Amino acid sequence: MKHYKTGGLALACVVSLCLAACGTGAQVGGAVDRGLDMEGYTREEEQSGENGQTQESTDGGDVTDINSTSGEGAADGLNELGLDPETMDLLKFNIYVQLNNTIVEIMDDINNYFLVVDTAEEFRFREDAEYSYGYRITGFNMDAVEDAEVVCGMEPAFETLDGLVESMLPSMREIIETFNAIDDSEYTYEENQYQQPKDNHIRLMACLQEFTTYADQFLAELDVIADERSAAQEVKMQEEGRLIAYNFSHMLTLSSQILDQIYEQGIDDYNLTELDLTPIYPLFEEMQETAAAYAEAVSDNNQLMQESLSSRQVYAGDFNGLLQAFEWMIKQVESGVPYEDPSHEYLGGLKHIYEVLSGKVEEYNGIFAQ
C-alpha cells in the first residue's frame with residue numbers, strides 16, 4: 001500500500017508583512033511561508049456557532065471579512081477585499097499553505113484508515129489489522145477549503161495552482177465529510193452489520209483517487225513556488241545583514257530539503273532503513289554549520305541590536321534538539337534495524353523529526369512575527 005507524505009511535512013511558517021519574507025514544508029517538504037502573519041486572518045468561532053473568516057488589516061485597523069466581495073477600495077487600487085496587490089499575494093499564498101497543511105493531515109487519515117480497512121472496493125477489514133475501525137482518524141472543519149474557494153479566482157493568478165484548487169475542492173469536501181463521519185463515535189459500528197462503515201467506505205473510495213491525484217499535484221506545485229520564495233527571501237535577509245533571521249530560516253529550509261530527499265525516495269518510517277543517505281549527509285553537515293552560525297550571531301550584541309532582537313527572544317532558537325532528531329534518524333538508517341511498529345513515534349523516526357520541526361516553526365513565528 002502506498003504511504004502518503006504525512007506527519008507534518010507541511011507546516012505553515014508565517015511572519016509579519018513588515019519582514020516581507022522568508023521560506024514552505026514545515027515546510028519541510030511542503031510549504032512554509034515565512035512572509036505573512038496569518039494570525040489576523042484566521043477563522044474565529046462566533047457566538048452564534050457559525051464560522052467566519054476574518055482578516056486583520058496590516059495597520060491594526062478594521063477587520064475585513066474575506067468572504068466580502070463588495071468591491072470597496074477597488075478605485076484606490078485595492079482588490080475586492082480591500083487589499084493592495086502585494087498583501088493579497090501573501091494572503092492568497094498563505095491560504096494555499098493552510099490548504100496544503102490540511103491535505104497533509106488528510107493523507108495521515110488515509111494512511112491510518114488503510115491500516116485497518118482493506119483497499120478493496122467493498123468494505124472489509126484487513127486480515128493483519130491490529131487496530132479498531134476509526135483508528136486515529138481525525139475530523140476536519142471546512143475552513144481551509146472555504147478560504148481557498150474564495151481566493152482561487154482572485155488576482156494575482158497562481159495559474160497552475162488556481163486550476164488545481166478549483167478541480168480538487170469538490171473531492172476534498174467529500175473526503176473531509178467522510179472522515180468526519182468515521183470520526184463520529186456516537187454509534188456502534190457492529191450494529192446493522194457495520195452498515196455505516198460500509199457506507200463510509202463507498203463514499204471514500206468514490207472520491208479517493210480523484211482527491212489524491214489533484215492533491216499530489218498541488219503539493220508538488222506549491223513546493224516549487226515556496227522554494228522560490230524562500231530562496232529570494234533568504235537572499236534579501238543576507239543583503240540586509242539580518243544574520244539571525246537568515247540562519248534560523250535556513251535551518252528550516254535545510255530541514256525541508258532533507259525531508260524532500262527522503263520523500264522523493266519513497267521513504268517513510270515503514271521502510272526507513274532503505275533510505276540512501278548519500279544526499280542527506282552534505283545537507284546535515286550544512287545544518288550543523290548553519291546552527292553554529294546562528295549561535296554565533298545571537299551571541300553578538302551588535303547583531304541583536306541591528307535586528308531589534310533581545311537575547312531572551314532568540315534563546316528559544318537553540319537547534320540542538322532538531323540536529324539530534326536528524327542525527328538519530330541517520331544513525332537509525334545506518335543501523336539497518338527497522339522499527340517494530342512504525343505507526344508510533346520513535347526517536348530517530350520521521351514522526352519525531354516532524355514533531356521537533358513543528359516546534360521550531362512555531363518558535364520562528366514567536367521570535368520574528370510582529
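These numbers come from a predicted model, not from an experiment.
Not counting sequence neighbours, the partners of Glu174 by the salt bridge (Lys or Arg N to Asp or Glu O under 4.0 Å) test are Arg203. With sequence neighbours left out, Asp300 forms a salt bridge (Lys or Arg N to Asp or Glu O under 4.0 Å) with no residue at all. Partners of Glu296 according to the side chain to side chain contact (heavy atoms under 4.5 Å, CB included) rule, which considers only residues two or more places apart in sequence or in another chain, do not exist here. For Glu334, the side-chain hydrogen bond (donor to acceptor under 3.5 Å, both in side chains) partners two or more places apart in sequence, or in a different chain, are Tyr281. Listed by chain and number, the residues in a salt bridge (Lys or Arg N to Asp or Glu O under 4.0 Å) with Glu289 amount to none (sequence neighbours excluded). Every residue two or more places apart in sequence or in another chain that forms a side-chain hydrogen bond (donor to acceptor under 3.5 Å, both in side chains) with Glu149 is listed here: Arg173. Applying the ring-ring contact (aromatic ring centres under 6.0 Å, His included) rule to Tyr246 yields the partners His250; only residues at least two apart in sequence or on another chain are considered. Applying the side-chain hydrogen bond (donor to acceptor under 3.5 Å, both in side chains) criterion to Asp276, with sequence neighbours excluded, gives Thr278. Listed by chain and residue number, nothing satisfies the side-chain hydrogen bond (donor to acceptor under 3.5 Å, both in side chains) test with Gln288 (two or more places apart in sequence, or in another chain). Glu327 meets the salt bridge (Lys or Arg N to Asp or Glu O under 4.0 Å) test with Lys331; sequence neighbours excluded. Residues forming a ring-ring contact (aromatic ring centres under 6.0 Å, His included) with Phe284 (at least two apart in sequence, or on another chain): none.
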Apply side chain to side chain donor-acceptor pair (under 3.5 Å) to the pair Gln98 and Asn94, showing each step before the final yes or no. CA-CA 6 Å; Gln98 299 300 335; Asn94 276 281; 5.5 Å; no

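Side-chain atoms of Gln261 and Gln265 include no donor-acceptor pair closer than 3.5 Å. No donor-acceptor contact under 3.5 angstrom links the side chains of Glu105 and Asn101, judged on distance only. Glu234 and Thr253 form a side-chain donor-acceptor contact under 3.5 Å, judged by distance and modelled atom types alone.
Interatomic distance, Ile244 CD1 to Ile367 CD1, rounded to the nearest 0.5 Å: 9.5 Å. Within the model, atoms CD of Glu146 and CG of Asn141 stand 8.0 Å from one another, a figure rounded to the nearest 0.5 Å. Note that CE of Met287 and CG of Leu322 are 4.0 Å apart. Values are rounded to the nearest 0.5 Å. In this structure, CD1 on Ile175 lies 11.0 Å from CG on Asn180, to the nearest 0.5 angstrom. For the atom pair CD1 (Ile95) and CG (Asn100), the distance works out to 13.5 Å, reported to the nearest 0.5 Å. Put simply, CG on Leu254 and CG on Leu283 are 6.5 Å apart, with the number rounded to the nearest 0.5 Å.
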If you look only at distance, which donor and acceptor atoms sit under 3.5 Å apart when one is on a side chain in residues 151-162 and the other is two or more places apart or in another chain?
unit_1	atom_1	unit_2	atom_2	d
Glu155	OE1	Ala157	N	3.2
Asp162	OD1	Lys92	NZ	3.2
Asp162	OD1	Tyr96	OH	2.6
Asp162	OD2	Lys92	NZ	3.1
Asp162	OD2	Phe158	N	2.8

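No donor-acceptor pair under 3.5 Å is formed between the side chain of Ser249 and the backbone N or O of Ala245. Ser256 contributes no side-chain N or O that, together with a main-chain N or O of Leu252, makes up a donor-acceptor pair within less than 3.5 Å. Between the His201 side chain and the Ala120 main chain, a donor and an acceptor come within less than 3.5 Å of each other. Remark: the backbone N or O of Ile267 is not paired with any side-chain donor or acceptor of Glu274 at under 3.5 angstrom. At distances below 3.5 Å, not a single donor-acceptor pair connects side-chain atoms of Lys360 with backbone N or O atoms of Gly321. Proximity of a side-chain donor or acceptor of Asn247 to a complementary backbone N or O of Ala291 within less than 3.5 Å is not detected. In this structure, the side chain of Asn112 does not engage the main chain of Tyr135 through any donor-acceptor pair within 3.5 Å. Looking only at distances, a side-chain donor or acceptor of Asp269 sits under 3.5 Å from a matching main-chain atom of Leu350. Of the possible polar contacts, one joining the Arg126 side chain to the Phe114 backbone as a donor-acceptor pair under 3.5 Å is found.
Cation-pi geometry between Arg229 and Phe93 is met: under 6.0 angstrom from the ring centre, within 45 degrees of the axis.
Put simply, Phe218 and Val224 are part of two different groups of oily side chains (I, L, V, M, F, W, Y) that touch within less than 4.5 Å, one to the next. Residue Met168 is grouped with residue Ile110 when hydrophobic side chains (ILVMFWY) are merged at heavy-atom distances under 4.5 angstrom, including chains of intermediate members.
Here the shortest heavy-atom pairing between Ala215 and Ile103 reads CB-CG2, 3.8 Å.
Ring-plane geometry between Phe125 and Phe123 is classed as perpendicular, the angle between the planes exceeding 60 degrees on a 0 to 90 degree scale with a lower cut at 30.
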